[in-house]
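As structure tokens, the structure follows; a few thoughts come after it.
For clarity, every value in this text was computed on a predicted model and none was experimentally measured.
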Amino acid sequence: MRVGIVILPEHRWWAAEPKWRAAEEYGFDHAWTYDHLGWRSLVDGPWFSAVPTLTAAALVTSRIRLGTYVASPNFRHPVPFAREVAALDDVSDGRLLVGVGAGGAGYDVEVLGGRELPPRARVDRYGEFVELLDTVLTNDRTTWRGDYYEAVDARSAPGCVQRPRAPFVLAANGRRSMRLVARHGDGWVTTGRQTEDEREWWSSVVELSALMDEVLSSENRGSTSVDRYLSLDSGGAYGLTSVEYFRDALGRAGELGFTDVVVHWPRSDGPYAGHESVVEEIAAEVLPALRS
């Protein structure tokens, strides 16, 4: 089991840098940041861009994998994003994980004056985004046209350090987006069904895990052919509430076949409110046992 942590891009670098360094020193396997123009209740507060944040994080770390959690088609185009992916993979010396999702509703759409797409259209756009991003990153030149994106003789040199490209960790909570994971994904990340009831949430994770098995089989991929990431903070309780709670959630995720879990760095209030002392305890008591 591997453990990752999300550091929201809300701090000036003098305050954020120690968190990224600590994530590596504590022994986390991967560290992520949100790819939004603004996020929910934090939209009026400080917020920075994901790609420069990850670039800076790459320069102050050497081992930990770094990723977008998750890149959003709401305001990104696969062609310029492919350049950013290649640059990040180069700066990090092949440590990049490319988390991508369908792009939700809310501020990221509203701030650009766009209209909110219905769920089916968002998944259609998501599919085009991933397919074109994959195509550009794995070919020297790409000309491609879809309903949402187009590329005309897009170049990719020098490409990613990781070959054939940096791994895609694709978000999916439904059958259609899971098919995208089966076709293009190196990893699958799920938040489970949206509910504040913890028991219902874990039940939904069981159902989604079984559905992922079914979809992989239908696409002639084995159930262990993609890494499985579970966002522990999505089920009505914060994963770093205590060391005991984290241990229990880690065990349950492992029993369901997840290879990775992801939690959020504790904040002083609001979303993911908690205490950094819990991170320190987990680093001292839990993470070393996962390596033995």
To the nearest 0.5 Å, tell me how far [X] [atom1] sits from [Y] [atom2].
X    : Y    : atom1 : atom2 : result
E285 : R247 : CD    : CZ    : 6.0 Å
D89  : L97  : CG    : CG    : 9.0 Å
S62  : R95  : OG    : CZ    : 6.5 Å
L290 : M1   : CG    : CE    : 8.0 Å
L132 : T142 : CG    : OG1   : 7.0 Å
D213 : L208 : CG    : CG    : 11.0 Å

[X], [atom1]: over 12 other non-hydrogen atoms inside 6.0 angstrom:
X    : atom1 : result
D248 : CG    : yes
Q194 : CD    : no
R163 : CZ    : yes

So, does [X] use its side chain to make a donor-acceptor pair with the main chain of [Y] at under 3.5 Å?
X    : Y    : value
S209 : L256 : yes
W265 : V279 : no
R63  : E24  : yes
D197 : E200 : yes
N173 : R193 : no
R122 : L117 : yes
D227 : D260 : no
R21  : E25  : no
S156 : G159 : no
T33  : I7   : yes

Please determine whether side-chain contact (heavy atoms from CB on, under 4.5 Å) holds for the pair H36 and Y107, giving the CA-CA distance in whole Å, both sets of side-chain angles, and the decisive distance to 0.1 Å. CA-CA 9 Å; H36 289 286; Y107 184 77; over 6 Å; no
Minimum heavy-atom separation for [X] to [Y], with atom names?
X    : Y    : value
V215 : A182 : CG1-CB, 4.2 Å
V130 : H184 : CG1-CB, 3.7 Å
S231 : T191 : CB-CG2, 4.1 Å
V79  : A151 : CG2-CB, 3.7 Å
L240 : P266 : CD1-CD, 4.1 Å
Y148 : E128 : N-OE1, 2.8 Å

With clusters defined by side-chain heavy atoms of hydrophobic residues (ILVMFWY) lying less than 4.5 Å apart, directly or transitively, does [Y] cluster with [X]?
X    : Y    : answer
W202 : L250 : yes
Y245 : V261 : no
Y126 : V109 : no
V181 : L211 : yes
V43  : Y34  : no

Partners meeting side-chain hydrogen bond (donor to acceptor under 3.5 Å, both in side chains) with S203 (sequence neighbours left out):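 Here no residue qualifies.
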Going by side-chain hydrogen bond (donor to acceptor under 3.5 Å, both in side chains), name the residues that satisfy it together with E131, two or more places apart in sequence or in a different chain.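 Counting only residues at least two positions away or on another chain, E131 forms no side-chain hydrogen bond (donor to acceptor under 3.5 Å, both in side chains).
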Does V226 form a side-chain contact (heavy atoms from CB on, under 4.5 Å) with L216? I'd like the steps, not just the answer. CA-CA 9 Å; V226 297; L216 287 170; 4.0 Å; yes
Flag the pair [X] / [Y] as yes when at least one side-chain heavy-atom distance between them is below 4.5 Å, and no otherwise.
X    : Y    : result
F258 : V205 : yes
V100 : T68  : no
D35  : V70  : no
V51  : R76  : yes
R267 : L42  : yes
V85  : R165 : no
V111 : F75  : no
D147 : D124 : no

Transitive ILVMFWY cluster of L59 at side-chain heavy atoms under 4.5 Å: who else is in it?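 Listed partners: V91.
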If the plane angle is over 60° it's perpendicular, under 30° parallel, otherwise tilted; pick one for F129 and F81.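 Ring orientation of F129 relative to F81: tilted.
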Measure the acute angle between the ring planes of Y229 and W32, then classify it against the limits of 30° and 60° as parallel, tilted or perpendicular.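 Judged by the thresholds at 30° and 60°, the geometry between Y229 and W32 is perpendicular.
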Counting the benzene-type ring for Trp, do H30 and Y69 have ring centres under 6.0 Å apart?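 So the answer is no for these two rings.
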Could you walk me through whether V262 and F28 satisfy the side-chain contact (heavy atoms from CB on, under 4.5 Å) test, starting with their C-alpha distance in whole Å, then the side-chain angles of each, then the deciding distance to 0.1 Å, before giving a yes or no? CA-CA 10 Å; V262 180; F28 286 96; over 6 Å; no
Below 4.0 angstrom, N of the basic side chain to O of the carboxylate: do D153 and R155 qualify?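 Result for this pair is yes, salt bridge flagged.
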Does a salt bridge link D29 with R291, judged by any charged N lying under 4.0 Å from a carboxylate O?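 Yes, charged N to carboxylate O under 4.0 Å.
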CA sep, side-chain torsions, deciding dist, call: L137, F168, side-chain contact (heavy atoms from CB on, under 4.5 Å): CA-CA 11 Å; L137 287 172; F168 285 3; 3.9 Å; yes
E196 vs W201, test: side-chain hydrogen bond (donor to acceptor under 3.5 Å, both in side chains). Steps then yes/no. CA-CA 7 Å; E196 292 301 313; W201 183 77; over 6 Å; no
